[in-house]
Structures are given as C-alpha cells and as structure tokens.
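Since the model is a prediction, treat every value here as computed from it, not as a measurement. This chain uses plain numbering: 1 for the first residue, then up along the sequence.
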Amino acid sequence: MKLPRTTLILILLALALGGFVYFYEIRGATVREETKEQKQKIFSFREDDVESLTVKTKKLTLNLERSPESSNPKWLIKSPISGPANDAIVSYLMDLLVKGNSERTLSTPAKQLGEFALDPPQATINITLKNRQSHQLILGKSNFNGRFLYAQADPAAKPDSNINVLLVSTDFANAVNRELSEWKQPVDNSQKLPGLSTPLPPPTNSK
C-alpha cells in the first residue's frame, strides 16, 4: 500500500521532531547539566595531587606539606613550627578545596574588590600540586544574608579588567580561621596520669 505524499511528509516531520526533542531536551539536558556542574566546581584537582598548602589569615601564616611517608600523619607543619599536623583538620580543608562548588559567579571591576573584603582579603589559601602547578583561593567577607563567602579562585593578573567573584560555602572560613594549636596533631593522653606533663613509658615485661 502506497502512502500519500502528504502523509509521508508528515511522518518524516514527526520523526525529525522526535529526534530533535531527544537530542536537545533529553540528551542535551544531560550535557548542559554536566557543563553546569563543571562550571560551578572551584578547582579540578584531586586530593592526592596536592603537595603543599599555605594558609594565611590575619592572625597566622601556616605552611603544610604532605608527609613523604605513607603512614600517619599524612600532613606536616613546616612553619611557624615544625611537627605533625592534625590530619582531621587538614582533611576537612582539603575536602572543601577538592569538592567545593561556587554557588554563583559575579563579574566586577578590580577596583571594587575592597567591597567584598577581597583586597586586602580575609584569608588566602595557596595550593601547590605534585606537578608544580599552583592554585590560589582568596576569601573575603560573607554576602548580605551570611549564607556564602565572596571569593576568588586563581585570579587573573589584569587589574583594569573585570574579575570573577565567586560565592562559596562559609565552611571555608571555619576551616582556615583556627588557632595554631588546632592545626597541631593532638597529644595522645592515653598513657598520661593526672598531674604528669609527659606520658609514662610503655610497661616492661617482668622476668
């Protein structure tokens, strides 16, 4: 049975429209969502890529390096003191750097950075990767409702052009605004007795 020409044209148009709907609405939506997520992510490196961190706040400049040994602690404080770092505290910051997203991006002239407390900043995090690439996150003040922080990620060195200002989680402020004592590895008190400032030596076997 031969279909009328007009019917055949309508069938072809319906097939073409169905293909358009699939590729644009269904397949295209997936691609656009993946692109949106990629744009929102602050950095693209992994935790294992990071070799060292420098955290600078108004009260403290802290230099951290990954321990050359695979055993705990994974991180060492290099300055202002030397010693093992609190892995839980460093891991909290690392998780934010690796998985953190930007809620929104604002384009603003460089001369207005002071309005976001980005010049001078509230805190700066410098990241050095194992491949010697470096990244920087600059943290400013909270936005008007206190839900996010203004920030810059790897700011471009063009003072006369517009600069992207991100809205990031306030958890970043909690992660970096700490006393030096919090960054240090906790002392194991399991073998201490009240009133003693040094731990007891391990017991020896009696003969």
Exercise. Taking only residues two or more places apart in sequence or in another chain, which ones pass side-chain hydrogen bond (donor to acceptor under 3.5 Å, both in side chains) with T54?
Worked result: N63
For this session: Could you walk me through whether K130 and D49 pass the side-chain contact (heavy atoms from CB on, under 4.5 Å) test, one step at a time?
Result: CA-CA 6 Å; K130 292 178 180 177; D49 296 333; 5.8 Å; no
Exercise. Would you call V50 and T128 a side-chain contact if the rule is heavy atoms closer than 4.5 Å?
Worked result: no
Exercise. Do I125 and L93 come close enough that some side-chain heavy atom pair is under 4.5 Å?
Worked result: yes
As an exercise, state the distance from [atom1] of [X] to [atom2] of [Y], rounded to the nearest 0.5 Å.
X	Y	atom1	atom2	value
F45	L97	CZ	CG	5.0 Å
Q40	L167	CD	CG	11.5 Å
N177	L60	CG	CG	10.0 Å
L96	N101	CG	CG	11.0 Å
H135	N126	NE2	CG	11.5 Å
R178	T57	CZ	OG1	11.5 Å

Of the non-hydrogen atoms in [X] and [Y], which two are nearest, and what is the gap between them?
X	Y	result
L149	G140	CD2-O, 3.9 Å
T108	Q112	OG1-OE1, 3.1 Å
K41	V98	CE-O, 3.1 Å
A151	L139	CB-CD2, 4.1 Å
T124	Q136	CG2-NE2, 3.5 Å
P155	I138	CG-CD1, 3.7 Å

For this session: Using atom types as modelled and distance alone, determine if a side-chain donor or acceptor of N164 lies under 3.5 Å from a backbone N or O of S107.
Result: no
Exercise. Would a distance-only check, ignoring hydrogens and angles, find a side-chain to backbone donor-acceptor pair under 3.5 Å from S102 to R104?
Worked result: yes
Exercise. In terms of ring plane angle, is the pair Y150 and F116 parallel, tilted or perpendicular, where the classes change at 30° and 60°?
Worked result: perpendicular
Problem set entry | Residue pair F172, I42: steps toward the side-chain contact (heavy atoms from CB on, under 4.5 Å) verdict | CA-CA 12 Å; F172 278 102; I42 300 174; 4.0 Å; yes
Side chains of residues 83-91: which donor-acceptor partners sit under 3.5 Å, not counting sequence neighbours?
residue, atom, partner, partner atom, Å
N86, OD1, A88, N, 3.1
N86, OD1, I89, N, 3.4
D87, OD1, K74, N, 3.1
D87, OD1, W75, N, 3.2
D87, OD2, K74, N, 2.9
S91, OG, D87, O, 2.7

Problem set entry | Note: E51-R132 ion pair, threshold 4.0 Å (strictly below) | no
Problem set entry | same_hphob_cluster(L62, L76) at 4.5 Å side-chain heavy-atom cutoff | no
Exercise. What's the verdict on side-chain contact (heavy atoms from CB on, under 4.5 Å) for M94 and L53, showing C-alpha distance, side-chain angles and the deciding distance?
Worked result: CA-CA 9 Å; M94 283 297 310; L53 294 169; 3.7 Å; yes
Exercise. Listed by chain and number, what are the salt bridge (Lys or Arg N to Asp or Glu O under 4.0 Å) partners of D95, not counting sequence neighbours?
Worked result: K99
